[in-house]
Every structure is written in structure tokens, then in C-alpha cells.
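A short write-up of the structure that comes next.
A note on names: the letters A, B, ... follow the listed sequences, proteins ahead of strands, and every chain is numbered from 1. Bear in mind that the values here come from a model prediction, so they are computed numbers and not experimental data.
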Number of protein chains: 2
Amino acid sequence: MGIEDAFGQVVRRMRKERHLSQETLAFNSHLDRSFISLLECGRKQPTLITIFQIARALNVSPSEIIKAVEELEG
Amino acid sequence: MGIEDAFGQVVRRMRKERHLSQETLAFNSHLDRSFISLLECGRKQPTLITIFQIARALNVSPSEIIKAVEELEG
DNA sequence: TTGTAGACTAACGTCGACA
DNA sequence: CTGTCGACGTTAGTCTACA
């Protein structure tokens, strides 16, 4: 499993745990909804700042997201 | 302090702790040396995969790097 | 509500060179 | 050994639109 795929799955899981739509997550993270979709599908990878934006919108620390990615990918 | 600046400082600190040159880090992470320099100076931000590559070259987990960035930036 | 497409701008990352 | 420059190809991220 690729890192981008793992990241997408982690974000999707965390988003659904919080009962957020992609649209709401996009709004709260100041990102485009279509891009959130591409991320969750593992078709794009984020930059550092994007990771921090998404983490903030999910009310989780960026390192927790990355840790989850490591566990899913490793 | 910006996130990119914090990332650069963290990488530089970890690199020096391991007594590596930018050139060695670049080689081990399969990145260009000039780009490592730009990262450490906070003039560029990495993508997710680049973070993982650098972490591997530093023999540290990506989430540990991000955690250090959070602490330096927060 | 989500996936995807196309067109677009800005930025990543490479490479060679020089102080 | 490191910072920076310019040129370059690739990709992040936006926006509109449609199934």
C-alpha cells in the first residue's frame, strides 16, 4: 500500500468518525472539496501545510495523522 | 514562526545530531542537495512522500519529525 | 454526497553552476 | 560544506461542471 493511499484512508476514517462531509472538511480546512476527494482516493498527496490544515479541521494533531499513516502503511 | 521554517529547523537539528552533511542526507533520501538546503532554510515545504523519505534517511519515524515541528511551531 | 474531468496557476523537486 | 540562482518538467491545489 502506498503512502498516499494510506493517507487518504486515514483522513476518510477520521472524517467519518466525526460525521463530517467532504464539503464540510474542505470548508474547515480551507481546501477545495474536489481536492479532498482526490486525497481520500489516494490520487494526490498533500504538502506539509495541507497536512496541518486538514489536521486542524479534524481537531487532531498532525503527528497523530502521520502516525496512523505509518501504521497503515508499514 | 511558520510551519515550513519549523520543519527546516527540525531537519537541520536532526541531521547535525547524526553528523550528516546535506549531501549525505540528500543521497540517502534520494533528494537533491539544493532542495535539502532550501527546506532547511524554510524556503520550500515538502510533500508527504518527501517527509517520509527524509525521515527514513534520518532513521526516525515521520510522526516524530512532525511532532517536533508542532512543538517548535505551536 | 461523492468521484471525476479539464483547464488553469503556483509550487515542488531536479540539475548545473558559482560564490 | 552550504546557499542561491535560473531553467526546467512535474504535480499540488483551485474552480466549474456533470454524472
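Note on A/V60 and A/I54: same hydrophobic cluster, where clusters join Ile, Leu, Val, Met, Phe, Trp and Tyr whose side-chain heavy atoms are under 4.5 Å apart, directly or indirectly.
For the pair B/T50 and B/T47, the minimum side-chain heavy-atom distance is below 4.5 Å. The shortest side-chain heavy-atom distance between A/R56 and A/S29 does not fall under the 4.5 Å cut-off.
Considering every non-hydrogen atom in both B/I51 and B/P62, the closest pair reads CG2-CB, 4.4 Å.
Side-chain contact of A/S37 with A/E40: a donor-acceptor pair under 3.5 Å is absent, judged by distance alone.
Contacts of A/E4 classified as salt bridge (charged side-chain N to carboxylate O under 4.0 Å, His left out), with partners at least two apart in sequence or in another chain: none. Take B/R13 and apply the salt bridge (charged side-chain N to carboxylate O under 4.0 Å, His left out) test, not counting sequence neighbours, and it matches B/E17. By the side chain to side chain contact (heavy atoms under 4.5 Å, CB included) test, B/R33 is found to be paired with B/Q22, B/E23, B/A26, residues two or more places apart in sequence or in another chain being considered.
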Checklist entry - Base, backbone or nothing for each nucleotide of nucleotides 10-19 of chain C, written B, S, -, heavy atoms under 4.0 angstrom, 5' to 3'? => result --BBBBBB--

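Using a 4.0 Å heavy-atom distance criterion, B/S21 is classed as a sugar-phosphate-only contact.
Between the axis at the start and the axis at the end of the helix from C/dT2-D/dA19 to C/dA19-D/dT2 there is an angle of 50°, using five pairs per end and rounding to 10 degrees.
The CG atom of A/L48 lies 9.5 Å from the CG atom of B/L48; values are rounded to the nearest 0.5 Å. The distance from atom CD1 of A/I66 to atom CD of A/E73, rounded to the nearest 0.5 Å, is 11.0 Å.
Think of the region where chain A sits on DNA chain D: with heavy atoms and a 4.0 Å cut, that region ends 5' and 3' at D/dA12 to D/dA17.
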